[in-house]
Amino acid sequence: MGMKADIRLIDDNGLRIDGRLPNQLRPIRMEVGVVKRADGSAYVEWGGNKIMAAVYGPREAYPKHVQDPNRAIVRARYNMASFSVDERKRPGPDRRSIELSKVISEALTSVIFVEKFPRTAIDVYIEVLQADAGTRVAGITAASLALADAGIPMRDLIVGCAAGKVDGVVVLDLNKEEDNYGEADVPMAILPRTGEIALLQMDGDMTYEELTNAMEMAMEAAREIYRMEIEALKGRYGGDVNE
Ligand code: ADP
């Protein structure tokens, strides 16, 4: 949520700068099983985002002192490639990616049956190859697909989706300009079947009523993204997916 430049984000017809309606998602494409050596993997294109997720595990956790005798530990690592943004990003972890890795790990832990795999680690690598706002939610979506591809038992597939506010209007799935110049961005991770929320963050300001609208908009979209996840998994496993 940067300084408002003199650009309008919503036009006279109520459309956004990329022509979308307030409650419209960017185009999304998903594919599972994209790399050979991981136990599970997925690739997601979401608007201008291109994200790869790969999963290893559950396997015995090392170093040993990190093992939990009661459950698997889930270690997500969110990483942005140097070439993923306009200005070359300095490689390696920074404050932001460390925070995102932590909150994504927690969200994924809440859906995986971790107690089935004591002393193990499940490693989830999220590689952002191209970024255009909303990478954490697209990354969570890719991670969920990669976990399913790895055959890791989960309570349900998890869906990432953001909503926010630009030019005073509540909108779904902010793009880069909207993220930069809008008033609020609320990334969420959702379990669409139960309506549970596994992650909710907020950058910027909105009223309680606007936040409620944004959450409803994201919940609705999450059901659509969930169907895309099922389709992507069916594409690989020929219909052998529990719905
Ligand atoms: P998210 O990608 O989950 O929306 P942010 O709100 O922190 O996370 O970032 C919004 C967008 O800003 C990113 O998707 C990316 O396009 C851009 N961005 C983030 N970090 C950097 C960086 N270090 N250098 C350049 N652009 C960045």
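Index from 1, following the sequence. In each ligand, atom 1 is the first atom listed, and ligand 1 is the first ligand listed.
Between Q201 and V103 there is a side-chain heavy-atom pair separated by less than 4.5 Å.
Under the 3.5 Å distance criterion, the side-chain polar atoms of R20 are matched with a main-chain donor or acceptor of Q24. Remark: the backbone N or O of G57 is paired with a side-chain donor or acceptor of D39 at under 3.5 angstrom. The closest donor-acceptor contact from the side chain of T212 to the backbone of Y208 lies under 3.5 Å.
Using 4.0 Å as the threshold, P187 has no heavy atom nearer than that to any atom of ligand 1. For the pair R90 and ligand 1, no heavy-atom separation below 4.0 Å is found.
Using a 4.0 Å cut-off between heavy atoms, T135 contacts ligand 1 through both its backbone and its side chain. Contact annotation for D132 and ligand 1: only backbone heavy atoms (N, CA, C, O) come within less than 4.0 Å of the ligand.
Between E127 and K50 there is no salt bridge, since none of the side-chain N atoms of the basic residue sits less than 4.0 Å from a carboxylate O of the acidic one. Checked for salt-bridge contact, E99 and R95 miss the test: no charged N lies under 4.0 Å from a carboxylate O. Ion pairing between a basic and an acidic side chain is recognised when a charged N comes within 4.0 Å of a carboxylate O; E178 and R16 show such pairing.
Heavy-atom contacts of V85 reach the following atoms of ligand 1: 24 (N), 25 (C), 26 (N), 27 (C) (cutoff under 4.0 Å). When each atom of ligand 1 is checked for a heavy atom of A131 under 4.0 Å away, the hits are 14 (O), 15 (C), 16 (O).
Taking all heavy atoms of G48, S84, G134, G47 into account, the minimum distance to atom 1 (P) of ligand 1 is reached by G134. By heavy-atom distance, the residue among R96, R136, Q201 lying nearest atom 20 (N) of ligand 1 is R96. Counting heavy atoms only, K176 comes closest to atom 16 (O) of ligand 1 of the residues M80, K89, K176, R88.
With respect to atom 10 (C) of ligand 1, the closest heavy atom belonging to the protein is D179 OD2, 3.5 Å. When only non-hydrogen protein atoms are considered, atom 13 (C) of ligand 1 lies nearest to A133 N, 3.8 Å.
One hydrophobic cluster, built from ILVMFWY side chains closer than 4.5 Å, holds both V114 and L157.
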